[in-house]
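Numbering of ligands and ligand atoms starts at 1, following listing order.
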Amino acid sequence: MRKPFVAGNWKMNTDSHSGPALAKAVADGSTEWAGSSVTVAVIPPFVYLPPVGQAVSSSGVAVGAQDIYFEEKGAFTGEISPGMLKDVGCTYALCGHSERRHVLGESDEIVNKKVLASIAGGLLPILCVGELLEERDAGQTEQVVERQVKEGLANVTAEKAPAVTIAYEPVWAIGTARTATPEQAQEVHAFIRKLIAQMYGEDLAQEMRLLYGGSVKPGNAAELMGQEDVDGSLVGGASLKADDFLGIIKAAV
Ligand code: PGA
């Protein structure tokens, strides 16, 4: 049985007051489930990691980073290393979120380096994959997702692969209120699980958690996460309101 996993990606939102307050409201509202029956993570902007970490410190809520750099230190202006993220209490790191891929131009090769650096640095990567609308319309969804999964996990050994969570986020469903149907999500999740089985064997494929992301709300969360291969959700907009995010956490239990 895979434990459900709900992560809130705050993106470039909140401030030094609202961030910790939101994190505390999530921690207080989820004491019954967070860490025990569902893995819960909040993923604030880098600069608010320490106060957010403090706000959830005695709770079952974990903290993640929205991005990571693949070098440990040195002349990489503006970047944040795995060691720094560990130092401020991060457990998870998003790698290859669609906004990093499509707004900031990150390649599969860079995403792969970030996955490898996360694991080497003792963080748990959440590898994000997903097709553009034109790719879906052209019937290329599986091809795109297969490339992103295989290249994203290049050189990740079977021994290290259990550290990885994969988030399937169709780009056309992110921030658009156009959610994938539960059937569409299940179809791609089943495809990803089959790929993982080919790459790492059936046991690991059954163990790995696959999250859906893209306009997840309290109202559609239960149906999406009720699909056989959907083990949780990566939530953007709805993670900025404690009540909505808590509603999604409850739907995962
Ligand atoms: P959304 O974002 O829930 O606002 O669609 C999801 C994500 O980008 O992780």
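Following chains of ILVMFWY side-chain contacts shorter than 4.5 Å, one can reach Val149 starting from Val188, so the two form part of one hydrophobic cluster. No single ILVMFWY cluster, assembled from side-chain heavy atoms under 4.5 Å apart, contains both Trp10 and Ile174. Note: the hydrophobic cluster containing Leu153 also contains Val129 (ILVMFWY, side chain heavy atoms under 4.5 Å, direct or indirect links).
For atom 4 (O) of ligand 1, the closest heavy atom belonging to the protein is Gly237 N, 2.8 Å. Given atom 3 (O) of ligand 1, the protein heavy atom at minimum distance is Gly236 N, 2.8 Å.
Residue Gly175 places at least one N or O, backbone or side chain, under 3.5 Å from an N or O of ligand 1.
Legend: side chain to side chain donor-acceptor pair (under 3.5 Å) pairs involving residues 119-138, not counting sequence neighbours, sorted by first then second residue: Glu131-Arg136, Glu131-Tyr168, Glu131-Trp172, Arg136-Tyr168. Pairs of residues two or more places apart, or lying in two chains, that qualify as side chain to side chain donor-acceptor pair (under 3.5 Å) and include a residue from residues 185-205 are Gln186-Asp229, Arg193-Asp229, Arg193-Asp231, Glu202-Gln206.
At distances below 3.5 Å, not a single donor-acceptor pair connects side-chain atoms of Tyr92 with backbone N or O atoms of Leu94.
Ligand 1 is approached by Ser215 to a heavy-atom distance shorter than 4.0 Å. Look at Gly214 and you'll find a heavy atom under 4.0 Å from some atom of ligand 1. Contact between Ala173 and ligand 1 is present, with at least one heavy atom of the residue lying under 4.0 Å from the ligand. The closest approach between Lys11 and ligand 1 falls below 4.0 Å for a heavy atom of the residue.
Under a 4.0 Å criterion applied to the non-hydrogen atoms of Glu169, ligand 1 contributes the atoms 6 (C), 7 (C), 8 (O), 9 (O). Atom numbering of ligand 1 starts at 1 in the shown order; those under 4.0 Å from a heavy atom of Asn9 are 9 (O). Annotation for ligand 1: atoms under 4.0 Å from non-hydrogen atoms of His97 are 7 (C), 8 (O), 9 (O).
The shortest side-chain heavy-atom distance between Val63 and Val88 does not fall under the 4.5 Å cut-off.
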